[in-house]
Amino acid sequence: MRIVLLGAPGSGKGTQAALLKERLGIPHISTGDLLRAAVKAGTELGLKAKAIMDAGELVSDDVMLGMLRERLQQPDTSGGFILDGYPRNLVQAKALDSLLEDIEQPVDEAIQIEIDPELIVQRIARRAIEEGRSDDSEETVRRRLDIYAEVTAPVVDYYAEQEKLAQVLGVGSVEEVNERIVAVLETTRSEAGVEVQTEP
Ligand code: AMP
């Protein structure tokens, strides 16, 4: 199953993707994690990306597509994947579609985690302390939320038009949000005639 997780920075995509990975046995592909790994490894791309990420801006579409294409070529993605942090704009959404069309593996479901932006600012302030992410200052977070509203939100409509969008409420405990996502996926999978695994 090929799943795209959508939601503003701090909506819980990463946490939920990690849980889904365990439950569904498919890899969690986070473009933010891929970039952070490149930064840590000190690659040329990582050095360029760091300044952009620290400012809360988006890394170029070409770089991101190249990175994603390479990741999707890994054999562990053959049974599906959970994409977190990509697509971030319509250009990326269309590029993903054509990439997946080439291998006849279209996106099955896009799930948007909905949450109030003010709650997000509070959550990210906590994450800044817990994880020490250099792009988690309040100013950068507000910039990232603005970018989400301006350029990423249209991606939600893009999947809605394709009738692939499901929306879940991102408030409550991690487990509660996870149950909502699993319920959505069960519906999708039963519609697709795939047996559903309800227990983790
Ligand atoms: P994330 O961990 O998904 O919040 O991503 C952290 C940062 O990495 C973002 O604020 C962007 O600077 C960059 N990034 C991650 N994914 C993408 C993407 N698909 N397109 C452009 N920039 C990205």
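We count ligands from 1, going down the list as the structure has it; atoms in each ligand are counted the same way.
A single hydrophobic cluster is seen to contain both V4 and L100, as judged by linkage of ILVMFWY side chains at heavy-atom distances under 4.5 Å, directly or through other members.
Distance alone, capped at 3.5 Å, is enough to place a donor-acceptor pair between the Q16 side chain and the V174 backbone.
With salt bridges taken as basic N to acidic carboxylate O contacts below 4.0 Å, none links R2 and E101. Using a 4.0 Å cut-off between a side-chain N of Lys or Arg and a carboxylate O of Asp or Glu, D97 and K94 do not qualify as a salt bridge.
Listed by chain and number, the residues in a side chain to side chain donor-acceptor pair (under 3.5 Å) with R71 are D76 (sequence neighbours excluded).
Pocket lining of ligand 1, defined as residues with a non-hydrogen atom under 4.0 Å away: T31, G32, L35, R36, M53, E57, L58, V59, M64, G85, Y86, R88, Q92, R133, D135, R144.
When side chains are defined from C-beta on, E176 counts as touching R180, because their heavy atoms get closer than 4.5 Å.
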